[in-house]
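The block underneath contains the structure these notes are about, expressed in structure tokens.
Throughout, numbering of the chain's residues begins at 1 and tracks the sequence. The analysis underlying the following values was restricted to heavy atoms, covering all of them including side chains, and did not include hydrogens, waters or symmetry mates.
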Amino acid sequence: MKLVYAIVNNDDSHPVSNALTQNGFSVTKLASTGGFLMAGNTTFLVCSEDEKVDEIIDIIKEHSRKRRQFVPSTTSYGAGNYTSFPVEVSVGGATIFVTDIERFEKV
């Protein structure tokens, strides 16, 4: 058994959740926040047989996408003068971890 942790941008949360459940996977969703942009994410927990992990990852990849976004950045010029200008960063997509499960019970 494996446990798949998938951290997905909130914009992609609904399509990922629907696709996983439509393909017969039980999913637990947790609200989470990214540390860099402090933006909302959803962390999915999916437990499955070893041979279905690739299918889960493919579904997540298909329904989550990377996008470019401008975020404010602050740079110091001289003593005490700060100027804010936008910086383009890549957001979205998914961060996926797969771990072994020693024991699984659904009671």
Side-chain angles (χ1 to χ4, degrees):
M1 297 281 309
K2 300 286 186 189
L3 179 59
V4 178
Y5 297 87
I7 304 164
V8 175
N9 186 283
N10 273 349
D11 294 341
D12 299 322
S13 174
H14 191 68
V16 169
S17 179
N18 283 345
L20 287 169
T21 55
Q22 286 175 358
N23 283 279
F25 295 106
S26 295
V27 178
T28 299
K29 292 173 31 173
L30 304 172
S32 54
T33 303
F36 177 62
L37 297 176
M38 302 306 283
N41 293 318
T42 300
T43 300
F44 292 94
L45 306 176
V46 186
C47 191
S48 80
E49 300 298 329
D50 293 9
E51 61 272 3
K52 294 194 175 191
V53 169
D54 288 335
E55 181 181 355
I56 292 168
I57 292 173
D58 289 342
I59 291 168
I60 294 166
K61 284 180 181 178
E62 181 180 342
H63 293 89
S64 58
R65 62 180 183 86
K66 287 193 176 201
R67 52 188 73 71
R68 305 295 288 172
Q69 177 178 325
F70 286 96
V71 296
S73 173
T74 304
T75 303
S76 172
Y77 294 106
N81 295 327
Y82 293 94
T83 303
S84 180
F85 61 92
V87 175
E88 188 177 31
V89 296
S90 178
V91 297
T95 301
I96 301 170
F97 302 91
V98 179
T99 60
D100 290 323
I101 298 297
E102 186 175 315
R103 181 175 172 174
F104 173 77
E105 291 185 33
K106 201 169 190 178
V107 293

Identify every side-chain donor-acceptor pair in residues 16-23 under 3.5 Å, counting partners at least two apart or on other chains, and give the distances.
residue: Asn18; atom: ND2; partner: His14; partner atom: NE2; Å: 3.1
residue: Thr21; atom: OG1; partner: Ser17; partner atom: O; Å: 3.0
residue: Thr21; atom: OG1; partner: Asn18; partner atom: O; Å: 3.1
residue: Asn23; atom: ND2; partner: Ala19; partner atom: O; Å: 2.7

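- Follow the hydrophobic side-chain contacts under 4.5 Å out from Ile7 and you never reach Val27; the two are in separate clusters.
- Looking at residues two or more places apart in sequence or on another chain, you find a side chain to side chain contact (heavy atoms under 4.5 Å, CB included) between Asp11 and Asn9, Arg67.
- Hydrophobic clustering (ILVMFWY, side-chain heavy atoms < 4.5 Å, transitive): Phe97 and Ile101 are in one cluster.
- The minimum heavy-atom distance linking Ile96 with Ala6 is given by the pair CG1-CB, 4.2 Å.
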Point to revise | Worked check of side-chain contact (heavy atoms from CB on, under 4.5 Å) between Asp12 and His63 | key: CA-CA 7 Å; Asp12 299 322; His63 293 89; over 6 Å; no

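- Take Ser26 and apply the side chain to side chain contact (heavy atoms under 4.5 Å, CB included) test, not counting sequence neighbours, and it matches Lys106.
- Val4 is not listed as a side-chain neighbour of Phe25, based on a closest heavy-atom distance of 4.5 Å or more.
- Hydrophobic clustering (ILVMFWY, side-chain heavy atoms < 4.5 Å, transitive): Val98 and Phe104 are in distinct clusters.
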In a table with atom names and distances, give each donor-acceptor pair under 3.5 Å that connects a side chain of residues 42-56 to protein atoms at least two apart or in another chain.
residue: Thr42; atom: OG1; partner: Asn10; partner atom: OD1; Å: 2.9
residue: Thr42; atom: OG1; partner: Ser13; partner atom: OG; Å: 3.1
residue: Thr43; atom: OG1; partner: Ser32; partner atom: OG; Å: 2.9
residue: Asp50; atom: OD1; partner: Met1; partner atom: N; Å: 3.1

